[in-house]
Structures are given as structure tokens and as C-alpha cells.
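Just so it is clear: chains get the letters A, B, ... in the order the sequence lines come, proteins before strands, and each one is counted from 1. What you see is a predicted model; the values in this text were computed from it and never measured.
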Amino acid sequence: MSYTEKILCTKSHEYVLKGEPCIVGLTDYAIEQLGDIVFLELPSVGDEFKKGETFANIESVKAASEIYMPVSGKIVEVNNALVDAPESLNEDCYENGWLVKVEGVNDEDFTDLLTYADYKEELE
Amino acid sequence: MVKETYLHDKHVNLGARMVDFAGWHMPVQYSSIIEEHKTVRENVGLFDVSHMGEVFVSGKDATEFLNKLVPQDITKLDYEKAVYCQLPNKNGGLIDDLIIYKLGINSYLVICNASRIDEDLNWIVRNKRGMDVKIDNQSHNYSLLAVQGPRAIDLMRKMGYSIENQKSFTIKPTIIEGIKLLASRTGYTGEDGFELLVENEYSEFLWDKILEEGKEFGIKPIGLGARDTLRLEAALHLYGNDLDEDTTPIEAGLSWSVPKDKKADYNGKEIIMSQIANGTSKKLVGLVMLDKNIARHGYDVYFNGEKTGVITSGCVSPTTGKNIALAYVKNDKEICTGATVQVMIREKLHDAQVVKRPFIEKRNRV
């Protein structure tokens, strides 16, 4: 099963990979639209966010964007390597390009998320 | 309706991401802004800037007419020379910035910003008042291709163009690959290069030919994204960001372009001259961020805990890797080169240092 077959996506282009902890990132479509990524700001371990809240900021050469939590939960790990090399997101936003890991996620939060296939369809 | 240049289909076929810019559907990037930026700094890039306005001004009073529109001294402009100009209103605020070329004794070409062509024409026509001039907007009939970068000369030579007699800021009518065009040694990148003004119907042929002949020099098509980062590194103003109707050329740091001894009157002269003599309340400065944060258009700038101004343009500089910006700040002696100011980014203050402009060494003066 490929990575994208396992993830669930939001219409605002975040993905979550279900598990303990859940893994959260930005879809390849989002990265492609942003272009060259030059800045990434991630939250701290222990921070708690509600679904839909801004938890991170990303900037490409052209523009700054906010990244929203696809689920509610507590940050248990952040991908600090990406903060030092945000451009690597242009190569891989899944296996090594995840943003944060989250615990305490309620199953209800997944119900309105889209499979990657449905997400791609929504974009067209 | 959104307008398309004659090269629109070329961009789409090259896989460009298209955006609406100043009423035109234009390529913002073909591959990557950083890659395209580096291509222009290291080799050569080709831009479609056909959205820009071309207005021909001719007639017995053409020189006198243009001379009362701009602070620059058009009476001193030689044949085939170009001059960077501003178009001030009565208060010295800028309606647009322009390049004016002298094509003949009473014949000029004015290149203006796509976003300002209507305002420019309204203003220019309003100022005509009984003078013997013909104002001919030919924007819809011409395409403008920019060939920019250290290898632009090699490419132009290969295409049979003799550049030996052509210095920067000059324009010459010529024939390249059998096409009649106007070749100007100007640009908006800080690099040496040419802007080629050609009738629409020949633009596709010329575009393809330049890309083909330029292969050995590493040519790539370049979108508006890299055009913006290139001009910002060179600290060239962008109308709408760094220039507007409430900002004079003196406030904008363009004093170098304004003659102090011009005799003729022009719109805004009194205010512009008084600012040269007595100073301004705001000034344009270059900033380099001291952390990883990027200053963007509209962010507030603070000095000693108080708001002093606003960022007008900001990006990552692909050449230096630093985060650079232009900002208007209060004309305070203490906000000088080397001083530290703060930029409000996402509700936090981040240090930035005032630096000399441009942010890179320009290589376009030959």
C-alpha cells in the first residue's frame, strides 16, 4: 500500500496518517502549488490544538501560508530537521516530510476527512 | 476579461503555472522560481513581458511635452538613448515609473507598467493642452521579449546582432533572424541583457528561435516569480509595492535619477525640489532579516519600540540566501545603514538590519 493510500486529507491540503501517534503533514499537491519552500515554523512538543486551528506556518518564495490541524490533539513530536531544511519538502512531503506527530486524537475527527483519491478528485 | 499575450500558448505548452497579473494571464513559473532566478544570474533567461505598455509620442512639441511630465530632462536625452523616469502628479506622488527612449528628433517611445497604462494615458492626454503631439498607444500591437543574464550577449551575437556599439540604456532598430525589431540594452534584473520590441505576429517565431539558439548557453524561460526576486535583489522598485501616488521619487530613494538643475517646470516640481533641499518625512531602506523569518509586503516596521513604517517588498534572496526587504521608515538619522529595526511577523517582532541597496552587485552597466 503506497503512502497516499493510507492518508486522509482536508480540503485545505493537510493530511493525517492514522495511528498512535497520528502523523500530520501537507499533501504533495499543496507543496507543488506553493513552489520552492523556503521557511517552515512548527509548534512545540506539548502544544495542544483543536481541529482547524493554525499550528504551523509555511512560506514559499512567493507567499506565506498557514497550516491547519486536520484533527484535535497534543503535539508529541515535531520534525525539526525540516525547519532547518524546508526545501526538502519539495522532494518528499510524506515519509521524511511529515510535520508533527499528534496524540489524543478522537475518532470523530476523521469522519469529514477525504481519502487521497477523493481529495484529488475534489481538486479537479 | 483577462488578456493574453501572443505567447500565451507557448507558456502553457512549456508547462508554466499561469496567474492573473495586472489584468493579464501570465506565467509565474515554469519549473521553480529559485532555479529560474539562478539561470538568469548565471546564464541567460527569456521573459515574455508583452503585458507592458508601449506608447509612442511624436510631433513638433514632443520633447517639450514629455519634459513637463517627468522630473528628468528630456531635452538632454540623445538619439537612441533611454532614461529611467517617473510620472509624478501635481503633489510629486507617482502615477507610474517609465523608461523613455528617444527614437528620433521629435519621436519617443514610453514603456510603462501594465497595471498603470490606463492611468498613465489619462494623465498624459490631460496634460496635452494645445501642444502639437501625437500620443499613440501601441501596447496591443507589440510584444516585448527580455533576454537577461551574463550570457545574453553571447546569445545575441550568435543570432547575428552586433552589440559592439550598443551601451546600456540605448535602443537601436535592427533586424534579427529576418525580423524587424527595436533592441534595447535594458532590463529589470540587475543583469546585462536586452529587451526586444517586436510586432505581435513575429513574437512566436522570435521566442522559439531565442530558446533554440540559447540552448548552448543554458537558456530557460523565466516567469514573473523570478522576475520579482531578481528585481528585488537589484533593489529595483515595483510600482504598486514600492511606488504609489502618495510617494515622491525623493522619498523612494530615486534622487539619483532627478536632475537638480532642470530649468523647465514639470508636475510636482515644487514639492520634489523642496524635498531635495529640506528632506522628506519618510525614506526607503533596504533590510536584511537577522533570523529565518521573511518580511512581506504590508508588515509593520518598528524602531526603538515604536512603529516607524512598513515593508513594501520582501523575499528570500536566491543569490545570497538572506531574507531581504524594502521598507519605508521615518526619515530618522538613527535609522541608517547598520542600524537594527524590527519587523512584526505573525504578532512577533523580528530583528532586521538596515543595509545598503542593492542587495547584490549589479552587472548591467556596460
Exercise. Between Glu66(A) and chain B, which part of the residue has a heavy atom less than 4.5 Å away: side chain, backbone, both or neither?
Worked result: neither
Exercise. For Asn90(A), is it the side chain, the backbone, both, or neither that has a heavy atom closer than 4.5 Å to a heavy atom of chain B?
Worked result: neither
Exercise. Hey, which of Asn293(B), Val28(B), Thr229(B), Asp228(B) has the most heavy atom pairs under 4.5 Å with chain A?
Worked result: Asn293(B)
Problem set entry | Cationic N near anionic O, under 4.0 Å, Asp84(A) to Lys292(B) | yes
For this session: Test ring pair (Phe, Tyr, Trp, His ring centres under 6.0 Å) on Tyr15(A) and Tyr94(A) and set out the steps.
Result: CA-CA 9 Å; Tyr15(A) 71 79; Tyr94(A) 296 118; 5.0 Å; yes
Problem set entry | When Asn323(B), Ile294(B), Val316(B) are compared by non-hydrogen pairs under 4.5 Å with chain A, the top option | Ile294(B)
For this session: In plain terms, say whether Arg41(B) and Glu233(B) are close enough for a salt bridge, that is, a side-chain N and a carboxylate O under 4.0 Å apart.
Result: yes
Problem set entry | Donor-acceptor under 3.5 Å (Ser44(A) side chain, Asp47(A) main chain) | no
